[in-house]
Amino acid sequence: MITETLFNAENITANSPQLEQLKQLFPNCFDTSGHFLLEKFQAEIAQHTDISHEFYSMNWLGKSYAKLLRNLPPETLLAEDVEHNSKEENAHSQNVLIQGDNLEVLKHLKNAYRNSVKMIYIDPPYNTGSDGFVYQDDRKFTPEQLATLANITQEEAERILNFTDKGSNSHSAWLTFMYPRLYVARELLKEDGVIFISIDDNEVAQLKLLCDEVFGEGNFLASIVWEKRFTRSNNSKTFATLVEHILCYRKSDRLDIIREPRNEKANSTFSNPDDDIRGVWTSVSYVNPATKEQRPNLHYPLQNPITNEIIIHPTHAWKYEKKVYESHLLEDKLYWGKDGQNKYPRLKLFLSELDDGMVPVNFWSRETTGTTDEASKSLQELMDTKVFDFPKPIGLILRILRIGTKSDDLILDFFAGSGTTAHAVMQLNAEDGGNRQFILVQLPEQTDPKSEAYKAGYKTIFEITKARIEKSAVKIREENPNASGDLGFKIYQTTDNFNAVAEDEFNPNQAQLPNLTSLTESQIQTLLTTWRVYDGAKLTEIVQAVDLGGYIAYLCDKRLYLLHEHFNSQHLLTFIQKLDNDTAFNPNRVIVFGNHMESAMQQELNQALTSYGNRKNISLSLIVRA
């Protein structure tokens with residue numbers, strides 16, 4: 001029997017989980033007290049690595065605190081919106097919308113969705129000074145606690161707490177906000193996953209350095225310039241801003257090729273002037289930019305098959321070796337112009353053979369992606385009123401999706417805003433028959449009481465996100481009546497832990513559940529959702545209620561949860577009988593809410609699981625959680 005305390009923050013520091021990973025790989029580099037032996041580690045890797053004592057690094061006030069935040073467990077629980085999720089259009093959906101602070105949500109998702117997300121798109125606060133961003137943090141530490149946990153001086157801890165307590169929009173505050181979110185988000189990406197981040201001039205330099213640190217400088221792919229508008233503002237005293245940036249990083253070099261689908265403009269360059277039976281084609285020069293002196297092996301005579309003239313380039317080499325040229329000749333892929341009048345040949349490239357798309361470029365014009373003005377107008381038409389300032393156009397997200405995903409991929413957006421990402425995912429699935437799924441996260445941030453959104457009944461941004469997804473689904477159904485894609489979504493939300501205490505009693509190491517005598521049915525379901533996701537089950541995983549002679553247990557992904565009170569010996573006997581006789585009943589772990597089961601019953605259950613040889617020879621383990 002294993003006893004656990006979930007989300008226990010005890011002994012977690014700014015680098016303890018990272019050191020634990022090193023201990024698994026290099027146990028000889030730690031002493032008996034668990035201290036990391038840096039010199040021994042350097043000696044261990046010296047023959048494989050150039051060790052330098054000087055290196056470039058990014059630093060800011062609050063970085064140590066940000067590293068601590070990335071490691072601390074969530075303080076909340078996950079609850080399901082049962083009413084919404086039971087609706088016909090949502091009951092079987094694999095799409096998810098989560099209400100809550102995105103750092104808390106990302107930490108909840110870490111076990112279940114690690115290495116599962118193919119693409120992340122986020123549009124975080126730009127920290128312009130007028131966009132409303134201030135650093136907000138509910139965690140409370142004394143300077144002494146923070147100094148110990150983050151391994152910093154008490155003076156630095158006091159300076160950090162000054163901006164976390166009072167709110168700040170400094171560069172340091174913004175970086176402290178972004179770092180732990182990007183760090184945890186990286187863990188959710190597949191090895192060939194990619195992230196796109198929208199940003200403007202104000203923080204793009206800082207974000208680039210931050211992403212270099214989180215994702216690795218070698219995984220930077222592009223800084224895309226997006227033409228967000230085309231009319232200059234005469235209100236500006238200096239320059240009018242017409243573009244934004246989209247930083248693109250991959251998780252690892254497992255992603256080595258990126259292509260985007262060919263478009264009509266690209267295909268318009270193809271024609272068939274010689275009526276080739278292979279269809280339309282374009283051509284590229286056969287002449288190498290290198291001279292014949294630089295590439296002598298590529299300098300050889302060709303023969304024009306129409307005029308029989310022998311061709312030798314006077315100054316440059318050809319692009320291909322002679323054997324490749326001969327295969328091009330046999331395949332009739334050389335074009336010498338009408339009646340053979342071209343001086344040098346060109347190589348035919350047939351559209352039917354180009355199935356890998358086009359190399360994307362790092363300038364995206366408004367014609368191919370849309371503008372913020374167009375996005376605002378479209379959203380206003382969809383929602384019947386203006387509900388959101390400066391939404392991203394669906395065309396922009398569609399282009400990102402076409403580059404970064406395939407038909408069955410999972411997409412994450414943890415700054416959901418108006419919900420453009422969900423709209424784009426459903427739209428693209430309707431267009432190409434794909435089955436992409438999305439996870440969106442949005443804080444229930446209050447709307448301005450004077451705003452049109454508030455007057456229309458949207459009291460929070462989350463309500464706008466939810467309504468936009470529902471309305472866009474209706475629109476997509478109307479415009480694509482034959483589409484069979486997933487147009488529903490499930491809703492979950494973070495909720496306070498059952499043992500929430502007053503701020504002046506906050507203990508950063510107190511994350512376990514209270515010693516309550518009983519939980520309500522709603523709390524039981526919240527506990528089940530939180531625990532099963534922690535144990536690695538996706539939010540949309542099927543949960544089966546199992547009747548053990550009047551006691552309801554829950555089976556999810558081969559884990560049986562005993563959460564209700566009053567489990568007794570008769571229920572245990574029914575459980576053993578079901579193990580033996582029900583061919584579809586094959587749990588491999590039993591997880592008990594310890595506060596709802598007396599210790600004597602826990603011992604009886606443990607003895608039964610360890611001593612009884614069930615007919616299926618299933619190895620069962622018992623976990624009791626406080």
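Quantities reported herein were computed from a predicted structural model and do not represent experimental measurements.
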Per-pair distances, 0.1 Å, donor-acceptor, side chain in residues 186-194, under 3.5 Å, sequence neighbours excluded:
{"unit_1": "Glu187", "atom_1": "OE1", "unit_2": "Arg114", "atom_2": "NH1", "d": "2.7"}
{"unit_1": "Glu191", "atom_1": "OE2", "unit_2": "Lys251", "atom_2": "NZ", "d": "3.4"}

Checklist entry - Do the charged groups of Asp448 and Lys450 touch, with an N to O distance under 4.0 Å? => result no
Checklist entry - With Arg589, which residues qualify under side chain to side chain donor-acceptor pair (under 3.5 Å), at least two apart? => result none
Next on the checklist: Check the orientation of Tyr551 and His564. Use parallel for under 30°, tilted for 30 to 60°, and perpendicular for over 60°.
Outcome noted: perpendicular
Item to check | Steps toward side chain to side chain contact (heavy atoms under 4.5 Å, CB included) verdict (Lys490, Leu97) | outcome: CA-CA 6 Å; Lys490 287 184 163 63; Leu97 171 63; over 6 Å; no
Checklist entry - Can you list every pair that meets salt bridge (charged side-chain N to carboxylate O under 4.0 Å, His left out) and has a residue in residues 422-436, with sequence neighbours left out? => result Arg402-Glu431, Asp432-Arg436
Checklist entry - Applying side-chain hydrogen bond (donor to acceptor under 3.5 Å, both in side chains), which residue pairs with at least one partner in residues 451-471 are found, sequence neighbours left out? => result Ser418-Arg468, Thr420-Arg468, His423-Arg468
Item to check | Tyr249 ring center near Phe220 ring center (under 6.0 Å) | outcome: yes
Next on the checklist: If the threshold is 4.0 Å, N to carboxylate O, is there a salt bridge linking Asp535 and Arg625?
Outcome noted: yes
Using atom types as modelled, flag every donor-acceptor pair under 3.5 Å from a side chain in residues 437-446 to any protein atom, sequence neighbours excluded.
{"unit_1": "Gln437", "atom_1": "NE2", "unit_2": "Asn435", "atom_2": "O", "d": "2.3"}
{"unit_1": "Gln442", "atom_1": "OE1", "unit_2": "Ala416", "atom_2": "N", "d": "3.4"}
{"unit_1": "Gln442", "atom_1": "OE1", "unit_2": "Gly417", "atom_2": "N", "d": "2.7"}

Checklist entry - Quick one: is the NZ or CZ of Arg181 closer than 6.0 Å to the six-membered ring centre of Phe177, and within 45° of its axis? => result yes
Checklist outcome for this item: Sorted by chain and number, sequence neighbours left out, side chain to side chain donor-acceptor pair (under 3.5 Å) with Lys538 holds for none
Checklist entry - Between Asn111 (side chain) and His108 (backbone), is there a donor-acceptor pair under 3.5 Å? => result no
Next on the checklist: Has Asp131 got a side-chain atom pairing as donor or acceptor with Asn127's backbone, closer than 3.5 angstrom?
Outcome noted: yes
